[in-house]
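Notes follow the structure.
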There are 2 protein chains.
Amino acid sequence: MAVSPQDPGGGVARAEKLRAAGLKATAPRLTILEALETDRRHPSAEMIFESLIDKSPSLSLSTVYQTLETFLQRGLLRRIAGAGGKLRVDGTLQDHDHAVCRTCGAVFDVDPDLIKRPRPPASLPHGLQVKNLFVEYEVLCSDCASDE
Amino acid sequence: MAVSPQDPGGGVARAEKLRAAGLKATAPRLTILEALETDRRHPSAEMIFESLIDKSPSLSLSTVYQTLETFLQRGLLRRIAGAGGKLRVDGTLQDHDHAVCRTCGAVFDVDPDLIKRPRPPASLPHGLQVKNLFVEYEVLCSDCASDE
DNA sequence: TTAGTAAATAGGAATTATTCGCATTTAGAA
DNA sequence: TTCTAAATGCGAATAATTCCTATTTACTAA
Ligand SMILES: [Mn+2]
Ligand SMILES: [Mn+2]
Ligand SMILES: [Zn+2]
Ligand SMILES: [Zn+2]
């Protein structure tokens with residue numbers, strides 16, 4: 001993560017991050033992790049694949065899917081419900097919310113301090129254990145606002 | 001909606017509801033609307049189709065999809081992002097939140113008064129017009145909590 | 001170093017969810 | 001009743017994701 005003179009590009013740090021999560025530091029995982037750290041689009045699996053295929057011609061889309069799933073399970077990543085329900089991911093683990101354009105599905109980051117977020121109860125009726133509370137804004141982005 | 005002695009089953013009221021929304025009161029729409037009023041599962045298109053196919057053997061799945069889309073556009077319905085992002089719908093327009101089991105995808109209603117919901121700003125940076133604010137609980141349901 | 005081994009990958013096939021195209025039917029208007 | 005735009009049913013098409021499995025690879029421990 002931190003880029004030092006001894007580790008240009010942060011590759012060693014990434015490898016350690018993977019091992020710390022109990023994962024082998026393989027080439028596909030390292031490239032995907034790097035993409036996640038730099039890609040601010042809240043990309044889909046396909047978007048990640050497309051962004052890497054030139055540099056890593058042997059990468060396969062199904063590896064991207066698998067890797068994202070693995071990363072999600074290890075908490076290296078969070079999933080966003082993009083418009084239409086397709087998988088979008090966010091490599092930024094810092095606390096923040098999302099705004100999704102109801103028309104084009106674009107995802108925007110929202111400062112979490114913009115609203116005072118409610119503190120969720122630890123459990124709900126029917127024995128539901130609360131793991132997380134999400135706040136999502138349904139918005140109309142400026143592009144989509146024009147033609148409507 | 002109201003079931004009177006003059007309208008057993010509420011069929012006439014439903015037909016009026018459709019016409020009031022500018023839609024033809026067709027047989028598929030009437031059955032789907034009824035299903036939506038009574039099905040508390042937050043069903044998918046397929047679930048609705050399955051629940052109706054015996055009573056309406058000529059109903060087609062693509063009509064269910066189309067009808068849901070139409071109802072969504074007219075505000076007769078709301079869409080929920082079920083687990084994995086598949087389409088789930090909620091015929092209950094009353095204000096309430098949802099809890100989605102991270103493991104099995106089951107959807108539960110949550111009393112909106114459980115937390116004090118933040119009031120969203122009318123707009124966000126980048127010219128985003130806020131249309132709606134959703135609060136969603138990510139939970140572990142009691143079934144899924146046992147085997148984990 | 002050098003095997004040995006379990007884990008991970010590539011690539012294609014399969015599955016699932018959803019959408020599309022179009023010929024036929026139908027609700028509601030006239 | 002007749003007419004017509006709108007809605008439906010059906011199958012084909014597409015898109016997203018998952019599955020299968022032979023091959024490769026990262027780490028282990030000798
Ligand atoms: Mn984000
Ligand atoms: Mn509900
Ligand atoms: Zn937009
Ligand atoms: Zn569950």
Side-chain angles (χ1 to χ4, degrees), chain A residues 11-12 14-33 35 42-50 52-74 76-77 79-89 104-105, chain B residues 11-12 14-33 35 42-50 52-74 76-77 79-89 104-105:
Chain A
V12 173
R14 258 172 235 124
E16 277 164 13
K17 189 173 173 180
L18 288 171
R19 291 194 202 95
L23 300 172
K24 284 191 191 175
T26 63
R29 282 173 179 168
L30 288 165
T31 8
I32 292 169
L33 189 54
H42 302 91
S44 63
E46 182 83 40
M47 288 161 89
I48 293 168
F49 176 75
E50 286 302 327
L52 297 176
I53 189 61
D54 287 336
K55 299 282 179 175
S56 313
S58 74
L59 180 68
S60 94
L61 178 58
S62 88
T63 298
V64 176
Y65 273 105
Q66 260 203 166
T67 301
L68 293 181
E69 181 58 32
T70 302
F71 285 5
L72 282 166
Q73 260 152 21
R74 305 302 168 116
L76 268 44
L77 203 56
R79 145 181 272 145
I80 302 174
K86 279 107 213 207
L87 171 70
R88 305 286 290 262
V89 296
C104 71
Chain B
V12 172
R14 257 172 236 124
E16 277 163 12
K17 189 173 174 180
L18 289 171
R19 291 193 201 96
L23 300 172
K24 284 192 191 177
T26 64
R29 283 173 177 168
L30 287 165
T31 8
I32 292 170
L33 189 54
H42 302 90
S44 62
E46 182 83 40
M47 289 161 89
I48 293 168
F49 176 74
E50 287 302 326
L52 297 176
I53 190 61
D54 287 336
K55 298 283 178 176
S56 312
S58 76
L59 181 66
S60 94
L61 178 58
S62 90
T63 298
V64 175
Y65 272 104
Q66 257 203 169
T67 302
L68 293 181
E69 181 58 32
T70 303
F71 286 5
L72 282 167
Q73 260 152 21
R74 305 302 168 118
L76 269 44
L77 203 57
R79 144 181 275 144
I80 300 175
K86 275 107 213 206
L87 171 70
R88 304 287 289 261
V89 297
C104 71

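Proteins come first, then strands; the chains are lettered A, B, ... in the order of their sequence lines, and each starts at number 1.
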Rounded to the nearest angstrom, tell me the gap between atom [atom1] in [X] and atom [atom2] in [N].
X: L87(B); N: dT16(C); atom1: CG; atom2: P; answer: 18 Å
X: K86(B); N: dA15(D); atom1: NZ; atom2: P; answer: 17 Å
X: M47(A); N: dA15(D); atom1: CE; atom2: P; answer: 16 Å
X: Q73(A); N: dT18(D); atom1: CD; atom2: P; answer: 11 Å
X: L18(B); N: dT26(C); atom1: CG; atom2: P; answer: 18 Å
X: I48(A); N: dA16(D); atom1: CD1; atom2: P; answer: 14 Å
X: L68(B); N: dT19(C); atom1: CG; atom2: C1'; answer: 14 Å
X: E50(B); N: dT16(C); atom1: CD; atom2: P; answer: 13 Å

Pick base, sugar-phosphate or nothing for [X], based on heavy-atom distances below 4.0 Å to the nucleic acid.
X: T26(A); result: sugar-phosphate
X: Q66(B); result: base
X: A25(A); result: sugar-phosphate
X: A27(A); result: nothing

Distance in Å, [X] [atom1] paired with [Y] [atom2], rounded so as to fall on 0.5 Å steps:
X: R88(A); Y: L68(A); atom1: CZ; atom2: CG; answer: 12.5 Å
X: L61(B); Y: Q66(B); atom1: CG; atom2: CD; answer: 11.0 Å
X: I32(B); Y: S56(B); atom1: CD1; atom2: OG; answer: 8.5 Å

For residues T70(B) and T67(B), is any side-chain donor paired with an opposing acceptor at under 3.5 Å?
no
Contact list for DNA chain D against residues 52-60 of chain B - heavy-atom distance below 4.0 Å:
S58(B), L59(B), S60(B)
Could you tell me whether the phosphate oxygens of dT18(D), OP1 or OP2, come under 4.0 Å of any side-chain nitrogen or oxygen in Y65(A)?
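So the side chain of Y65(A) is outside the cut-off, no N or O lying under 4.0 Å from OP1 or OP2 of dT18(D).
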Does dC10(D) have OP1 or OP2 sitting under 4.0 Å from an N or O in the side chain of S62(B)?
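The answer is no; no side-chain N or O of S62(B) sits under 4.0 Å from OP1 or OP2.
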If you check every side-chain atom of T63(A), which of dG28(C), dA10(C), dG9(D) has the closest atom?
dA10(C)
5'-most contact on DNA chain C (nearest-nucleotide basis), K24(B) vs L61(B), goes to L61(B)
Of L23(B) and E69(B), the one whose nearest nucleotide on DNA chain C sits closer to the 5' end is E69(B)
Is R79(A) reaching over with its side chain to a backbone N or O of V89(A), donor-acceptor style, under 3.5 angstrom?
no
Can a donor-acceptor pair be found, under 3.5 Å and without considering hydrogens, that links the side chain of R19(B) to the backbone of K24(B)?
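Looks like no, no N/O pair under 3.5 Å.
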Please tell me if the side chains of L18(B) and L76(B) come closer than 4.5 Å, counting only heavy atoms from C-beta onward.
yes
